[in-house]
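Read the structure below first, then the notes.
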Amino acid sequence: MLEELKQKVFEANEMLPRYGLVTFTWGNVSEIDRKAGLIVIKPSGVKYENMKAEDMVVVDMEGNVVEGEYKPSSDMPTHLELYKAYPKIGGIVHTHSDYATSWAQAGRSIPCYGTTQADYVYGEVPCTRCLRAEEIANEYEKNTGLVIIETFNKHNIDPQAVPTVLCKNHGAFVWGKNADEAVHNAVVLEKISKMAYQSEVLNAHIVPAPQELQNKHYYRKHGENAYYGQG
């Protein structure tokens with residue numbers, strides 16, 4: 001079942017250690033087949049060096065395992081909530097990459113200090129509130145997804161324009177039109193997280209890049225009249 005998608009998700013998961021985004025098994029990638037209403041996701045706790053395409057787990061939109069020898073990633077309920085809330089999301093990545101997680105642990109959104117971030121994210125990378133005790137105790141992973149959605153709704157953030165979020169005291173969730181694009185965006189997030197940290201070290205009085213510059217870089221790549229690249 002969904003053998004091609006399993007291969008894609010496997011290869012996307014394999015990119016996480018290749019780009020230095022995960023330590024041990026601290027991350028996962030999924031992709032959804034919207035027509036089938038099924039999601040393929042990394043198995044929980046399986047080492048990347050031992051993993052095979054056939055180890056990927058297929059779940060339905062309620063989180064029931066449809067096919068697979070292993071349990072799905074423990075973060076699967078978070079993925080589910082994001083897929084349900086945002087129909088244009090096709091792939092999701094979760095990591096505890098060093099710099100992005102440092103911002104999450106600090107409870108800080110990442111300001112847009114330059115054009116590198118503006119090329120991918122319209123504005124800052126938001127950080128959620130910390131989950132409440134009852135949210136942690138009951139359906140923790142589902143509530144992680146819900147607090148992401150709450151954050152985007154509260155601040156009127158478009159998940160297409162801001163394809164990433166930091167979960168306070170936890171780590172990053174990143175998405176895209178498919179698993180490959182989600183991994184690409186996760187690599188970018190780690191890079192801009194590092195750049196923002198270094199920028200603040202170099203200049204304690206730094207302020208975000210001018211809005212006109214942010215707009216130029218975001219819209220030349222993503223706007224109606226985008227002209228970046230070969231089309």
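In what follows, every heavy atom counts, from backbone to side chain, and hydrogens, waters and symmetry copies are set aside.
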Q.
Treating N143 as the side-chain partner and N138 as the backbone partner, does any N or O pair qualify as donor plus acceptor under 3.5 Å?
A. yes
Q) Distance from H79 atom NE2 to I89 atom CD1, nearest 0.5 Å? A) 10.5 Å
**Q.** K84 atom NZ, neighbour heavy-atom count above 12 within 6.0 Å
**A.** yes
**Q.** Beyond-backbone contact of R108 with E200, side-chain heavy atoms, under 4.5 angstrom
**A.** yes
(Q) Between N178 and E181 (side chain of the first, backbone of the second, donor and acceptor by atom type, cut-off under 3.5 Å), is there such a pair? (A) yes
Q) Quick check: does any side chain N or O of Q214 sit under 3.5 Å from a backbone N or O of Y122, one acting as donor and the other as acceptor? A) no
Q: Please tell me if the side chains of R129 and K154 come closer than 4.5 Å, counting only heavy atoms from C-beta onward.
A: no
**Q.** Transitive ILVMFWY side-chain link Y228 to Y218, under 4.5 Å
**A.** no
Q: Would you mind reporting whether L166 and I110 have side-chain heavy atoms less than 4.5 Å apart?
A: yes
Q: Check ring-ring contact (aromatic ring centres under 6.0 Å, His included) between W175 and all other residues, then give those that pass, not counting sequence neighbours.
A: F152
**Q.** Taking every non-hydrogen atom, the tightest pair across T144 and C167
**A.** CG2-SG, 3.9 Å
**Q.** Between CG on residue L189 and OG1 on residue T164, distance to nearest 0.5 Å
**A.** 4.0 Å
Q) Minimum heavy-atom separation for N28 to S73, with atom names? A) ND2-OG, 3.1 Å
Q | K221 NZ: over 12 foreign heavy atoms closer than 6.0 Å | A | yes
(Q) Within the 4.5 Å heavy-atom criterion, are V121 and C112 side-chain neighbours or not? (A) no
Q) Just how far is it from atom NE2 of H222 to atom CZ of R220, taken to the nearest 0.5 Å? A) 10.0 Å
Q) Does the pair L5 and V9 meet the rule for a side-chain contact (heavy atoms from CB on, under 4.5 Å), with working shown? A) CA-CA 6 Å; L5 188 54; V9 171; 4.2 Å; yes
Q.
Quick one, M1 and V66 - any side-chain contact, counting heavy atoms below 4.5 Å?
A. yes
Q.
I need the minimum non-hydrogen distance between Q160 and P163, along with the two atoms involved.
A. O-CD, 4.3 Å
Q: Please round to the nearest 0.5 Å and tell me the distance separating atom CG of L131 and atom CG of N169.
A: 9.0 Å
Q | CE on M56 to CD on E54, rounded to 0.5 Å | A | 8.5 Å
Q.
Suppose we screen for side-chain contact (heavy atoms from CB on, under 4.5 Å). Which residues come up paired with E3, at least two apart in sequence or across chains?
A. K6, E67
Q | Cluster link V188 to M195, ILVMFWY, side chain under 4.5 Å | A | no
Q: Report yes if some heavy atom in the side chain of E190 is under 4.5 Å from a heavy atom in the side chain of D98; otherwise report no.
A: yes
Q: Give the minimum heavy-atom separation between S199 and Y113, together with the two atoms involved.
A: CB-CD1, 4.4 Å
Q) Do other residues, nucleotides or ligands put more than 12 heavy atoms under 6.0 Å from the OH atom of Y197? A) no
Q: Go through the steps for W103 and C127 under the test side-chain contact (heavy atoms from CB on, under 4.5 Å), then give the verdict.
A: CA-CA 8 Å; W103 284 88; C127 184; over 6 Å; no
Which side-chain N or O atoms in residues 38-52 pair as donor and acceptor under 3.5 Å with protein atoms at least two apart or in another chain?
from, atom 1, to, atom 2, distance (Å)
K42, NZ, V46, O, 3.2
Y48, OH, G27, O, 2.7

Q) Is there a chain of hydrophobic side chains (I, L, V, M, F, W, Y, each step under 4.5 Å between heavy atoms) that links Y219 to L213? A) no
Q.
I'd like to know if the side chain of S30 pairs up with that of Y83 as donor and acceptor (distance under 3.5 Å, no hydrogens or angles considered).
A. yes
Q.
Once rounded to the nearest 0.5 Å, what's the spacing between atom CD1 of I192 and atom OG1 of T116?
A. 8.5 Å
Q: Check the hydrophobic clustering (I, L, V, M, F, W, Y; side-chain heavy atoms under 4.5 Å; chains of links allowed) and say if I206 and Y99 are grouped together.
A: no
Q: State whether the side chain of H94 and the backbone N or O of V174 hold a donor-acceptor pair below 3.5 Å, judged by distance alone.
A: no
**Q.** Minimum side-chain heavy-atom gap R18-M15 below 4.5 Å
**A.** yes
Q | For A179 against A12, the heavy-atom pair lying closest together | A | CB-CB, 3.8 Å
Q. Going hydrophobic residue to hydrophobic residue with side-chain gaps under 4.5 angstrom, can you get from W26 over to V57?
A. no
Q | H184 and Y120 aromatic ring geometry - parallel, tilted or perpendicular at 30°/60° bounds | A | tilted
(Q) Give me the atom names and distance for the closest heavy-atom approach of D119 to H217. (A) OD1-ND1, 3.0 Å
Q: Go through V125 and Q117 one step at a time and tell me if the side-chain contact (heavy atoms from CB on, under 4.5 Å) criterion holds.
A: CA-CA 9 Å; V125 175; Q117 182 164 328; 4.0 Å; yes
Q: Show the numbers, then the answer: is there a side-chain contact (heavy atoms from CB on, under 4.5 Å) between E81 and I148?
A: CA-CA 9 Å; E81 293 306 316; I148 293 170; over 6 Å; no
